[in-house]
Amino acid sequence: MMKTKRILFSLAITLICGLLYYYFSLPAINLQEPAFYGFLFFLVLVYALATIFLSGRFRTIPSKPQAFGRLLLSYSLVPLIIGTGLVLVLLVGSIVSAPLFRASSYAKLLPFDTGDFATEVQEVSFDQIPMLDKESAVRLGDRKLGELSEMVSQFEVSTDYSQINYLGRPVRVTYLRYGDFIKWFNNRSEGLPAYIIVDMVTQNAEVVRISSGIKYSPSEPFFRNMLRHLRLQYPTFMFGAPVFEIDEEGTPYWVCPRIDKTIGLFGGTTIDGAVLLNAVSGESQYYASEEVPVWVDRVYSADLIIQQYNYFGSYQSGFFNSIFGQRNVTATTEGYNYIAMNDDVYMYTGITSVGSDESNIGFLLVNQRTKDATFYTIAGAEEFSAMRSAEGLVQDLRYTATFPLLLNIAGQPTYFMAMKDGAGLVKMFSMVNVQYYQNAATGASLSECEERYKALLRQNSLLVIPETQTNIVAGAVVEIRNAVIGGNSYYYLRLAEDTMYYVVSAADSEVVVILNEGDQVEIEVVDTEGDIRRAVSVSKQ
C-alpha cells in the first residue's frame, strides 16, 4: 500500500477507535487529567498497530525485540516519538507535583480559622437534629418504593443518598434507577418518574413524582447518560463525583464540582466552582465558586476536605517531619458526619495526634458549599469511644450507636447518637459529653435524653447558665400543678401575689417533688415574658 494511503487509512482507524474509546471512557481533554494521557496512549497504540498491519509486514514480524524495534522505527516513528513525549510529561509532571518537593503548598490547601465552640456553634433545636443515619434512610427509601407496585416492578432506588437542607430541614434525597436494560427501553420516553426524599427528623419517606420525568441520570445508557451529556457540553472540565440535590421548588439537579489542580501538573486537587445540570431538561450552567446558588449544599466532598486537612496535618512542619519525628503531626479520625446550620450543610470530623490513644485534640467544621473551615480546640474522646460509651448504657438491649453528630448542648460539645436495634430501627437516643465522656445519658425521646444529660452536667458542675440570662424570684407557693411531657415530670408553681406559673422539671430540681403549698422558695427563672415561664432551679427556704 502506498505510504499516503497507509497513513490515511491508519488515521481513519485511529479516529474510529478513538471516538469509541472517548464515548465510553469520557476523559477530560485536559493536560492535568491523568485519564487524558491514557486516551492519547491508546490513540498512539492504535495508529502504530494500524500502520504496521497495513504495511504488509504484519505476518513477518520477528519475535526478537531488536527486529520489532526496527519495524516500529520504520513504520511508526512519529507515534513512537509522541508516546515517548507523553511518558516524559507524565514523569516530569508527577515529580514537580510530588509532596516531597511541594510540602508547604500541600499544607496550605485548606485554610482554616480557630474558634470557640460554645459561642460560635449555635444550639440546634430538636426539629433540626437528624435522627437517622444513611443506612436507616436507605431502608426507609426502599420500603417506601416497595409500597408502589407500579414503580417497584420497573425501577430501583439508588443508594447514593445525599444529605441536604431542604426548606430549612435536614433531609436525604436520592434518585431512581432503571431495573435493567429492557426496563430502560420500555420507560425511556417518560424517564424516571420520581425521586425519594427522607426527612431525617420525622423519619418520613416520600416519593416525589416528576411529571416530565428525570431524563438525565447515571442509569441512562446512551447520550442521555448524565456524565456523557455533561462531558460533551464541557469537554475540557475535570469533574468530581456529581451529587443529586433538589432546589427549594423541588426541581432535581446534578451538582457537578469542577476539579482544578493547583500544585504542579497533577497535584493539589481542589474545586473551582460547579456545573448545575437540570436532571429533567438537561440544561446546565457553570458557576464559579463564589457564585454557586445558596440552595446548593454539597460542592466540596467530605473526602476532599479530609484529604486537604490531612495534607496540612502531615506537612505543616515539612515532608520529612511527617515520616521522622512527627512533631505536631495530626490527622482526621476515621469517620465524619454532617451538621445543618444557617441553611448550609457542614461536615465535621475529629482531629487527633498521630499515635494518640482514642482521644481527639479538636474538631474541624467545614461548610461544604463555600469551604469555610474552622478548627475548635476541644480535647476529649474520639467518636468511636463515645459510641462504645453509649452502647454500654444499653448493653442488655444490644442496641448499636450510629456515628455521632457533634452538637452544642448547654454550651458543652456533645456527641449525639441514635441507638438502633438489630433490625436497624431507631429505639433510643444518647448524648455523651466530648470532654468528659463518662457523662453519658440515654432516653426514649429526644427531650428525655436531653433532660437526663443536663441533669448529669448539673451534678458534675458542667452546666453553667450565664447570670445575664436568669432572674431570681422568691415567695410562698400557693399552687402546684404537675404534668408528664415526653416521659419527664414537670411541675408548675405559682407564688403568692403572682399570676404566672414557673415550670421546672424534676430532673433539673428534685426538691419540687416534695414541695407543699405555703413553702417559701427561690426560683431561678430563664424566661422573662409570658404566663408560663421556664425555671432552671428551685430552692426551698
Would a 4.5 Å heavy-atom cut-off, applied to side chains only, mark [X] and [Y] as touching?
{"X": "Tyr436", "Y": "Leu462", "value": "yes"}
{"X": "Val138", "Y": "Tyr161", "value": "yes"}
{"X": "Val173", "Y": "Ile196", "value": "no"}
{"X": "Thr400", "Y": "Met387", "value": "no"}
{"X": "Leu405", "Y": "Ile129", "value": "yes"}
{"X": "Met200", "Y": "Arg172", "value": "yes"}

State whether a side-chain donor-acceptor pair under 3.5 Å links [X] with [Y].
{"X": "Asn408", "Y": "Glu123", "result": "no"}
{"X": "Ser284", "Y": "Tyr234", "result": "yes"}
{"X": "Lys371", "Y": "Gln308", "result": "yes"}
{"X": "Asn204", "Y": "Asp199", "result": "no"}
{"X": "Tyr216", "Y": "Asn225", "result": "no"}
{"X": "Lys261", "Y": "Thr269", "result": "yes"}
{"X": "Tyr491", "Y": "Ser505", "result": "no"}
{"X": "Thr333", "Y": "Glu383", "result": "yes"}

Please round to the nearest 0.5 Å and tell me the distance separating atom [atom1] of [X] and atom [atom2] of [Y].
{"X": "Tyr311", "Y": "Leu110", "atom1": "OH", "atom2": "CG", "value": "12.5 Å"}
{"X": "Leu140", "Y": "Glu206", "atom1": "CG", "atom2": "CD", "value": "13.0 Å"}
{"X": "Gln438", "Y": "Asn460", "atom1": "CD", "atom2": "CG", "value": "7.0 Å"}
{"X": "Leu425", "Y": "Tyr399", "atom1": "CG", "atom2": "OH", "value": "9.5 Å"}
{"X": "Ile361", "Y": "Glu382", "atom1": "CD1", "atom2": "CD", "value": "13.5 Å"}
{"X": "Tyr376", "Y": "Phe117", "atom1": "OH", "atom2": "CZ", "value": "7.5 Å"}

Between [X] (side chain) and [Y] (backbone), is there a donor-acceptor pair under 3.5 Å?
{"X": "Thr352", "Y": "Ser359", "result": "yes"}
{"X": "Gln412", "Y": "Thr414", "result": "no"}
{"X": "Arg224", "Y": "Lys215", "result": "yes"}
{"X": "Glu245", "Y": "Ile164", "result": "no"}
{"X": "Glu510", "Y": "Ala506", "result": "no"}
{"X": "Tyr415", "Y": "Ala381", "result": "yes"}
{"X": "Lys427", "Y": "Ala418", "result": "no"}
{"X": "Gln307", "Y": "Asp303", "result": "no"}

Inset, instruction - Test side-chain hydrogen bond (donor to acceptor under 3.5 Å, both in side chains) on Gln154 and Asn187 and set out the steps. - result: CA-CA 8 Å; Gln154 299 294 308; Asn187 296 279; 2.9 Å; yes
Inset, instruction - Inspect the surroundings of CD in Glu291 and state if more than 12 heavy atoms from other residues, nucleotides or ligands are less than 6.0 Å away. - result: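 More than 12 within 6.0 Å, yes.
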Legend entry - Cation-pi check, Arg258 onto Tyr286 ring (under 6.0 Å, within 45° of axis):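 Relative to the ring axis of Tyr286, which defines the angle, Arg258 lies inside both limits.
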Inset, instruction - Check Phe155, Tyr195, Trp254 against Tyr175 for a ring pair (Phe, Tyr, Trp, His ring centres under 6.0 Å) and give me the one that passes. - result: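 The option that passes is Trp254.
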For residues 292-301, which side-chain N or O atoms pair as donor and acceptor with protein atoms under 3.5 Å away, sequence neighbours left out?
from	atom 1	to	atom 2	distance (Å)
Asp297	OD2	Asn165	N	2.9
Arg298	NH2	Tyr338	OH	3.0
Ser301	OG	Leu304	N	3.2

